[in-house]
Number of protein chains: 2
Amino acid sequence: MTEPRWLDEREMAAWQSFLRAGSRIGRHLERQLKEESGLSHQQYEILVRLADAPDGELRMTELAAHLVTSKSGLTYQIGRLERRGLVRRRTCESDVRGVHARLTADGGRALRAAAPGHVAAVREALIDVLDRGELDQLAESLGRVARRLEEGEAHTGTDNTPRR
Amino acid sequence: MTEPRWLDEREMAAWQSFLRAGSRIGRHLERQLKEESGLSHQQYEILVRLADAPDGELRMTELAAHLVTSKSGLTYQIGRLERRGLVRRRTCESDVRGVHARLTADGGRALRAAAPGHVAAVREALIDVLDRGELDQLAESLGRVARRLEEGEAHTGTDNTPRR
DNA sequence: TCACAGTCGTTCAAATTCGAACCACTCATC
DNA sequence: GATGAGTGGTTCGAATTTGAACGACTGTGA
């Protein structure tokens, strides 16, 4: 194997900033949500996806594709949310294997209650720290990064791989 | 409470890209490291910090400040690495409470063995997807974001708060 | 219509993570 | 030098995460 192309100083700076920002923001949001709404960020995202879904419900697999969990992780979290009455499970009529998850009225309320604080935290941590141009640039750059990886995930053996 | 300032479309795009890129890259690296080197990203970072340390060793607290774990998480991972002989612990002579962590020869070898593949993965996932200008912009923007949050963490009750 | 490869979601055990409680110690003050 | 607030790291239990294995089912092609 030939000598690898190490990161030069500027590349390293970008990488480190990305890493640090990612983890700090993650912590920031996690704490805020847990404290003010008793939800994990993971759970909040699930509720959002369900609320945004066209029919108000989603198949487990679709849900997992949007989120960052493994299939089993999703099962766990949905179970948790169901126990709290925020989400309900329903077997899919066209495919008995399938399961629809749907927001309950309580779930909707919980989401509406949590949203303002969460958005404020996102603003505080990221959005309001950057100007318009920086935001657009970020969306453009990281959007490309995310898209590439999502495509590439199709053929790996990971548990919850979308495999579209 | 007044109506919160929701995110407009462009802000949302930036936020979503950031989230997705972060988690996808995390998974990407985690998998690559685990497969090719048997290390978690967390562990890899620990080894890097120790290797870069001026005296080849660091206090647990210093280490925790750089990384993203809680104090207890660090104790756990260092224990793990120690069991594998990659790291050694030594009580600090100036302060009996303190503990120095230091890379062993094996640890150095493990790091050198893991580094090329890891760097390649970072390039593939992030660095080589962006051009020079984008990289600099990213470093600038997210650097600011990270710095702000790190400052703000000083007075929160989190476990491993750096508290400098 | 009969395999049969692939899909869906769950279950399982193992690994990791976190915060709170804790113990031993240090340091500034009295 | 005693005292008390604060630090540094570990330990503990609970929550979460993951991949592998599983059981049930689907859809396709012979």
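Here the structure is a predicted model, which means the values were calculated and not measured. In what follows, chains are A, B, ... by sequence order, proteins preceding strands, each numbered from 1.
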### Task
Considering only NZ, NE, NH1 and NH2 on the basic side and carboxylate oxygens on the acidic side, decide whether B:R132 and A:D8 come within less than 4.0 Å.
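Between A:D8 and B:R132 there is a salt bridge, with a charged N closer than 4.0 Å to a carboxylate O.
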
### Query
Are any of the side-chain nitrogens in A:E11 or B:R123 under 4.0 Å away from the carboxylate oxygens of its partner?
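A salt bridge is present here (some side-chain N lies under 4.0 Å from a carboxylate O).
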
Separation of [X] atom [atom1] from [N] atom [atom2], in whole Å?
{"X": "A:R59", "N": "C:dT7", "atom1": "CZ", "atom2": "C1'", "result": "9 Å"}
{"X": "B:L74", "N": "D:dT10", "atom1": "CG", "atom2": "C1'", "result": "11 Å"}
{"X": "B:L67", "N": "C:dC18", "atom1": "CG", "atom2": "P", "result": "11 Å"}
{"X": "B:R83", "N": "C:dT16", "atom1": "CZ", "atom2": "P", "result": "10 Å"}
{"X": "B:I78", "N": "D:dG8", "atom1": "CD1", "atom2": "C1'", "result": "14 Å"}
{"X": "B:E45", "N": "C:dT17", "atom1": "CD", "atom2": "P", "result": "13 Å"}
{"X": "B:L58", "N": "D:dG8", "atom1": "CG", "atom2": "C1'", "result": "15 Å"}
{"X": "A:K71", "N": "D:dC22", "atom1": "NZ", "atom2": "P", "result": "14 Å"}

### Message
It should be established whether A:R31 places a side-chain nitrogen or oxygen under 4.0 Å from OP1 or OP2 of nucleotide C:dG19.
### Response
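For A:R31, the contact criterion (side-chain N or O under 4.0 Å from OP1 or OP2 of C:dG19) is not met.
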
### Query
Any side-chain N or O of A:R97 under 4.0 Å from OP1/OP2 of C:dT10?
no

### Summary
When B:M60 and A:Q42 are each assigned the nearest nucleotide of DNA chain D, the 5'-most assignment goes to B:M60

### Query
Under the side-chain hydrogen bond (donor to acceptor under 3.5 Å, both in side chains) test, which residues partner A:R88, sequence neighbours left out?
none

### Query
With a non-hydrogen cut-off below 4.0 angstrom, is A:G98 in contact with a base, only sugar-phosphate, or nothing?
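Sugar-phosphate, no base atom in range.
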
### Out of C:dC8, C:dC25, C:dG19, whichever nucleotide has its closest atom nearest the side chain of B:S72
C:dG19

Between protein and nucleotides 14-16 of chain D, what N or O pairs are separated by less than 3.5 Å?
from   : atom 1 : to    : atom 2 : distance (Å)
D:dT16 : OP2    : A:Y76 : OH     : 2.9

### Query
For the atom pair CZ (A:R102) and CG (A:L86), what is the distance rounded to the nearest 0.5 Å?
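Rounded to the nearest 0.5 Å, the CZ-CG separation comes to 14.5 Å.
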
### Query
Is atom CD of A:E9 surrounded by more than 12 heavy atoms (other residues, nucleotides or ligands) closer than 6.0 Å?
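No - once you tally the heavy atoms of other residues, nucleotides and ligands closer than 6.0 Å, there are 12 at most.
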
### Query
Do A:V119 and A:I127 sit in the same hydrophobic cluster, where Ile, Leu, Val, Met, Phe, Trp and Tyr count as joined when their side-chain heavy atoms come under 4.5 Å apart?
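Looking at the clustering, A:I127 is in the same group as A:V119.
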
### Task
Test salt bridge (Lys or Arg N to Asp or Glu O under 4.0 Å) on A:R97 and A:D95 and set out the steps.
CA-CA 5 Å; A:R97 296 168 303 176; A:D95 183 344; 2.7 Å; yes

